[in-house]
2 protein chains.
Amino acid sequence: MQFASTGSHSEGRPAGRAVSRQVLADHVYEELLASLMDGRLEPGTAVSIDGTARELDVSPTPVREALARLEHTGMVRRVALKGYRVAPVFTREDFAELMEARLAIEPVNARLACARLTPGHLAELERAVADLKDAPRGPSFAEFRGYLEADERFHRLIAEQTGNQFMVAAYAALGGQIQRFRLFGGVGITDADHAIAEHQAVLDALATGDPEKAAAAMAEHVQKVRGRAIADAPAE
Amino acid sequence: MQFASTGSHSEGRPAGRAVSRQVLADHVYEELLASLMDGRLEPGTAVSIDGTARELDVSPTPVREALARLEHTGMVRRVALKGYRVAPVFTREDFAELMEARLAIEPVNARLACARLTPGHLAELERAVADLKDAPRGPSFAEFRGYLEADERFHRLIAEQTGNQFMVAAYAALGGQIQRFRLFGGVGITDADHAIAEHQAVLDALATGDPEKAAAAMAEHVQKVRGRAIADAPAE
DNA sequence: CATCTTCAAATCCTATAGGACCGGGCGTGG
DNA sequence: CCACGCCCGGTCCTATAGGATTTGAAGATG
């Protein structure tokens, strides 16, 4: 899994440049990100620098750099001289706070995106909703991973279509966490039918070109997600 | 967001451990952050890893880690194998986008903060406004630095008093940039009197305990800041 | 049995070395 | 005069080495 080894063979690159000289730290970053998203690294477990370096067959330096970037996303936390740990699971309060923040930001995104929507953007959103419908929804994490990806993509696309880099940044500050809230209690996807219908409603509202309708549809979606998740939450 | 600052050397912790031993990378991070905030590093200039390592008399490894963290704040940008550069200056469009985002987030923060305001919080806010009034307002950056710091502190305190970690994160995604927009055209502080009055109005609205009043006052403040800045903007 | 000491392994953190690439100055040939 | 190649310093990137610190457990002691 670790090509790009510096120990090149006798001859240099054959013709043309090597596709794109890659930075090892980027690979480590994506590898760790995938491990976190897939749930292979459970919340609370330590992420040893030397350990992952050995596991990925690289030196600790790129691992250190990758973890420094991950820390700012909230996926891992760092204690001064003790190393990195996967951020703890969401509590019910965390979830409520997340939904409060989404309710403040995402309707605004929908309103702004609606004003400058292009047919190309609309097609991308339709594809995301279609992927949402087609995605498998099994009980294991690997199975509903595609579902979560399409869900996140839908919301991220709307954020990007605002054309406002700061709204994208604000959404991104939440986005990384949005994936993880599903681990909250380990409940799977039980509300797919409702969620798909709401996404479709948001899409339709955007297509009408009325910003207020779009914002209202998004607000309703977020509120309903919150309501269902609270209902499904495991009893403490 | 510069808590966890490794204190100099206050020894003799009664029963606790010595304050987290200083990690060199943290020191480099704060040093770079200060240089960026003070304008000693102008936008567009390259930030050499080896160079700053020599300048700060450390090895490149901590510098690399500090820059990896800074990248996620938007203060510096990294090109794959070419190094880091200070993010470019704000254009008029960037500024408009920033204000749009602030207008979406900050009134919500004011509303939420108002609902759970304590006397202690109120005192901190009053201190921030007082500092704003007392701060010098000269033409050079070093002179109105205290003013900017108090301004940012006021808004950050409100974000933190929402008690919602995600609203803090969303604000922080903007906060690092808020400092820099003053460089937009190099205009100094020309609207201090108006701004101070508006901050006072926000504070008064918070003190009444009416969340809607607080949100409205904050929205008015942000809108007026936008209006004044556009009026002051240098002609292209 | 409980508690403290001590030691060894693991880990974090920093420094240093070396490979690969880029850009500029300089000399030689046309 | 201009073009081309070469050298060289600078930089990024990764690997490796070694000091500093925490942790966990074995062993000693009351």
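By the side chain to side chain donor-acceptor pair (under 3.5 Å) test, Glu65(B) is found to be paired with Arg64(A), Arg69(B), residues two or more places apart in sequence or in another chain being considered. Remark: Tyr84(B) engages no residue in a ring pair (Phe, Tyr, Trp, His ring centres under 6.0 Å) (not counting sequence neighbours). In this structure Asp131(B) satisfies the side chain to side chain donor-acceptor pair (under 3.5 Å) test together with Arg153(B), sequence neighbours excluded. Considering only residues two or more places apart in sequence or on other chains, Tyr29(A) meets the ring pair (Phe, Tyr, Trp, His ring centres under 6.0 Å) condition with none of them.
Tyr29(A) has its OH atom 16 Å from the P atom of dC13(D), to the nearest Å. Atom CZ in Arg54(B) sits roughly 8 Å away from atom C1' in dG10(D) (whole-Å rounding). Here dT22(D) presents its P atom at 15 Å from CD1 of Ile49(A), a figure rounded to the nearest Å. Atoms CD (Glu55(B)) and C1' (dT11(D)) sit 16 Å apart, rounded to a whole Å. Nucleotide dT14(C) holds its C1' atom 13 Å from the CG atom of Asp26(B), rounded to whole Å. Remark: C1' of dC12(C) and OH of Tyr84(A) are 10 Å apart, rounded to the nearest angstrom. As a whole-Å value, the separation of Leu67(B) CG from dC13(D) P is 10 Å.
Look at Glu149(B) and Arg145(B) and you find no salt bridge, because none of the NZ, NE, NH1 or NH2 atoms lies under 4.0 Å from a carboxylate O. Salt-bridge formation is not detected for the pair Arg127(A)/Asp134(A): no Lys NZ or Arg NE/NH1/NH2 atom is positioned less than 4.0 Å from an Asp or Glu carboxylate oxygen. The pair Arg137(A)-Asp191(A) fails the salt-bridge criterion, with no side-chain N (NZ, NE, NH1 or NH2) lying under 4.0 Å from an Asp/Glu carboxylate O.
For the pair Arg64(A) and dC12(C), the criterion of a side-chain N or O lying under 4.0 Å from OP1 or OP2 is not met. Of the side-chain N and O atoms in Lys82(A), one or more sit less than 4.0 angstrom from OP1 or OP2 of dT23(D). Regarding contacts with the backbone of dC12(C), a side-chain N or O of Ser48(A) is found under 4.0 angstrom from either OP1 or OP2. Of the side-chain N and O atoms in Arg78(B), none sit less than 4.0 angstrom from OP1 or OP2 of dT11(D).
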Is there a salt bridge (charged side-chain N to carboxylate O under 4.0 Å, His left out) between Asp26(A) and Arg78(B) once you walk through the steps?
CA-CA 12 Å; Asp26(A) 292 346; Arg78(B) 163 177 171 275; 3.4 Å; yes
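Looking at Pro43(B) and Arg85(B), their side chains never come closer than 4.5 Å, going by heavy atoms from C-beta outward.
End-to-end axis angle of the helix from dC1(C)-dG30(D) to dG30(C)-dC1(D), from C1' rotation axes over five pairs per end: 10° (rounded to 10 degrees).
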Under 3.5 Å between N/O atoms: give me all the protein pairs with nucleotides 15-18 of chain C, atom names plus distance.
| unit_1 | atom_1 | unit_2 | atom_2 | d |
| --- | --- | --- | --- | --- |
| dA15(C) | OP2 | Ser59(B) | N | 2.5 |
| dA15(C) | OP2 | Ser59(B) | OG | 2.7 |
| dA15(C) | N7 | Thr61(B) | OG1 | 3.4 |

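Counting only heavy atoms from C-beta on, Leu81(B) has its side chain closest to dC12(D) among dT23(D), dC12(D), dC12(C). In the set dT11(C), dT11(D), dC12(D), dT11(C) carries the atom at the smallest distance from any side-chain atom of Asp50(A).
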